[in-house]
Amino acid sequence: MYFFRNDYSEGALPQVMEALARTNACSTVGYGDDPYCHEAASKIRHRFGCPNADVHFLVGGTQTNLTFLSAALRPWEAVIAAGTAHIATHETGAIEACGHKVCTVPTADGKLRPEQIRQVYADHGAGRDEHMVLPKLVYLSNATELGTVYTRAELTAISQTCRELGLYLYLDGARLAQALTSPGCRLQPEDLADLCDAFYIGGTKNGLLFGEALVIARDCLKPNFRHAIKQRGGMLAKGRLLGLQFSTVFDDDLWLQAARHANQLAARLTEGLRAAGWPLLVDSPTNQVFPILPNDRVVLLEQEFSFERWGAVDDGHTAVRLVTSWATEPAAVDALLAALRP
């Protein structure tokens, strides 16, 4: 069985496993106040050009989103997000459960536009109608849930819109490394802290056993955030395990190397699918590929390959999601393409 279901089921990069084994018997202070976490935070600040940012390490993406958004927002404040956003579709209503409405906007490619943000803000009274929730934060994913990527110009335009309207800009970076290493990407790591109030660097989906690094650039969002982490159950007693993993992958840009491998194999897969005549749901330059296949072909494919059915396109066709990772072998891609020959 070849696995294309996601990019987080394998264990971890060999360098990460070696570092964990080498330091297995080390004892440190707990809860993220250890030398490994401090070292990782320093490397992240340097790589992203934000020497004054706060860096916190959490276990997973949903936990990171919930912890940050619930801390950043007042009880009556809401989030603006694309309809495909992870917080709107795959987090079991975590944000709404803590009292914050997610105002979603339908998009064909998973990306928000400045005019959509302005429209949602206007539709909710532009901050002057106390009978409605007050949009206060814009949530983006980069790469998006459809594998698409924001350009530097697009992110800059959204950032300017948020600052004009007094909105926070938060970027979910579960696949940030895949976005930054996608073909033609002009967005650089140091742009993130300039354009966003906060963002996180995904590790779970990019070669770590688990872990996300939250970077808070805006000063007013920094105070007492460790209290928020503890209250939301995110303060890992063995916090050094998170710091050590991030410290390891930030050496020699290993985090970008891992993502680049996943993207390159996804590009190979995309090229083969197009050559075979299979249409794609969306043009994704990262490691998620969404071919549209006849339903009977999907059933046959499931006998040898593990992947997700994304959704029905019509009565006879289904879009499926194929995901490559740091661990995907070229032979697996070749086998999949061979099985999809017309």
Looking at every heavy atom in both [X] and [Y], which two are closest together, and how far apart are they?
X	Y	value
Ser141	Tyr150	O-CE1, 3.3 Å
Cys37	Gly239	SG-O, 3.3 Å
Thr181	Ala177	OG1-O, 2.8 Å
Ala108	Leu146	O-CD1, 3.8 Å
Cys162	Tyr168	SG-O, 4.3 Å
Cys103	Val133	SG-CG2, 4.4 Å

Check whether [X] reaches the backbone of [Y] with its side chain - one donor and one acceptor, N or O, closer than 3.5 Å.
X	Y	value
Ser70	Thr67	yes
Ser159	Leu155	no
Arg152	Gln188	no
Asn6	Ser9	yes
His261	Thr328	yes
Asn295	Asp315	yes
Ser182	Cys185	no
Gln245	Leu209	yes
Thr270	Ala266	yes
Asn263	Gln178	yes

> Passes side chain to side chain donor-acceptor pair (under 3.5 Å), Thr62 versus Asn65? Steps please.
Replying inline: CA-CA 5 Å; Thr62 297; Asn65 290 334; 5.7 Å; no

Crowded around [X] [atom1]? As in, over 12 foreign heavy atoms under 6.0 Å?
X	atom1	result
Phe210	CZ	yes
His227	NE2	no
Glu271	CD	no
Asp252	CG	no

Pair [X]-[Y], side-chain donor/acceptor within less than 3.5 Å:
X	Y	value
Asn287	Asp7	yes
Thr28	Arg240	no
Gln15	Thr248	no
Thr148	Asp109	no

>> Arg268 vs Asp334, test: side-chain contact (heavy atoms from CB on, under 4.5 Å). Steps then yes/no.
In response: CA-CA 9 Å; Arg268 180 171 174 170; Asp334 293 342; 2.9 Å; yes

> Quick one: is the NZ or CZ of Lys43 closer than 6.0 Å to the six-membered ring centre of Phe246, and within 45° of its axis?
Replying inline: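 So Lys43 doesn't make the cation-pi contact.
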
Is [Y] close to [X] at the side-chain level, that is, under 4.5 Å between some pair of heavy atoms?
X	Y	value
Arg232	Gln63	no
Leu176	Tyr200	no
Leu137	Ile80	no
Glu164	Arg118	yes
Leu340	Leu336	yes

Gap separating the [atom1] atom of [X] from the [atom2] atom of [Y], nearest 0.5 angstrom:
X	Y	atom1	atom2	result
Asn52	Asp219	CG	CG	7.5 Å
Met235	Leu58	CE	CG	8.5 Å
Leu134	Leu73	CG	CG	9.5 Å
Ser325	Leu13	OG	CG	9.0 Å
Arg260	Asn206	CZ	CG	11.0 Å
Ile292	Arg297	CD1	CZ	15.0 Å

> Aromatic ring centroids of Phe4 and Phe307 under 6.0 Å?
Replying inline: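 That pair fails the under 6.0 Å test.
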
>> Measuring centre to centre across the rings, with the benzene-like ring taken for any Trp, is Phe3 within less than 6.0 Å of Phe305?
In response: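 Here the rings of Phe305 and Phe3 have centres that are no less than 6.0 Å from each other.
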
SB check [X] [Y] (cutoff 4.0 Å):
X	Y	result
Arg226	Asp54	no
Arg186	Asp191	no
Lys101	Glu96	no

> Step by step, would you call His86 with Glu145 a side chain to side chain donor-acceptor pair (under 3.5 Å)?
Replying inline: CA-CA 7 Å; His86 206 264; Glu145 287 71 23; 5.5 Å; no

> Which is it for Leu244 and Thr23 under the side-chain contact (heavy atoms from CB on, under 4.5 Å) test, yes or no, and what are the steps along the way?
Replying inline: CA-CA 9 Å; Leu244 178 63; Thr23 61; 3.0 Å; yes

>> Test question: given the 4.5 Å side-chain rule for I, L, V, M, F, W and Y, name all other residues clustered with Val299, or answer none.
In response: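 Under the 4.5 Å side-chain rule, Val299 groups with nothing.
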
> Honestly curious: do Leu167 and Leu195 fall in one hydrophobic cluster under the side-chain, below-4.5 Å linking rule?
Replying inline: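 Linked within one cluster.
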
> Is there a path from Val105 to Val79 through hydrophobic residues (I, L, V, M, F, W, Y) whose side chains come within less than 4.5 Å of each other?
Replying inline: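 No, it is not one cluster - the side chains of Val105 and Val79 are not joined through contacts under 4.5 Å.
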
>> If the test is salt bridge (Lys or Arg N to Asp or Glu O under 4.0 Å), which one of Lys222, Arg218, Arg163 qualifies with Asp197?
In response: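 Between Asp197 and the candidates, salt bridge (Lys or Arg N to Asp or Glu O under 4.0 Å) is satisfied uniquely by Arg218.
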
>> Parallel, tilted or perpendicular: which one describes the rings of Phe250 and Trp255, with boundaries at 30° and 60°?
In response: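 Correct class here is parallel.
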
> Going through the distances and angles, do Gln119 and Asp123 end up as a side chain to side chain donor-acceptor pair (under 3.5 Å)?
Replying inline: CA-CA 6 Å; Gln119 188 62 59; Asp123 289 346; 2.8 Å; yes

>> What verdict does the side-chain contact (heavy atoms from CB on, under 4.5 Å) test give for Val249 and Leu208, after you've listed the backbone C-alpha separation in whole Å, the side-chain angles of each residue and the deciding distance to 0.1 Å?
In response: CA-CA 8 Å; Val249 298; Leu208 273 63; 3.7 Å; yes

> Among Leu280, Val323, Leu265, which one satisfies side chain to side chain contact (heavy atoms under 4.5 Å, CB included) with Val289?
Replying inline: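 Single pass found, and it is Leu280.
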
>> Working note: Ser284 + Gln288, criterion side chain to side chain donor-acceptor pair (under 3.5 Å); need CA distance, chi angles, decisive distance, verdict.
In response: CA-CA 7 Å; Ser284 165; Gln288 298 184 87; over 6 Å; no

> Hey, which of Phe48, Phe68, Tyr170, Tyr139 is the one that makes ring-ring contact (aromatic ring centres under 6.0 Å, His included) with Phe199?
Replying inline: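 Single ring-ring contact (aromatic ring centres under 6.0 Å, His included) partner of Phe199 among Phe48, Phe68, Tyr170, Tyr139: Phe48.
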
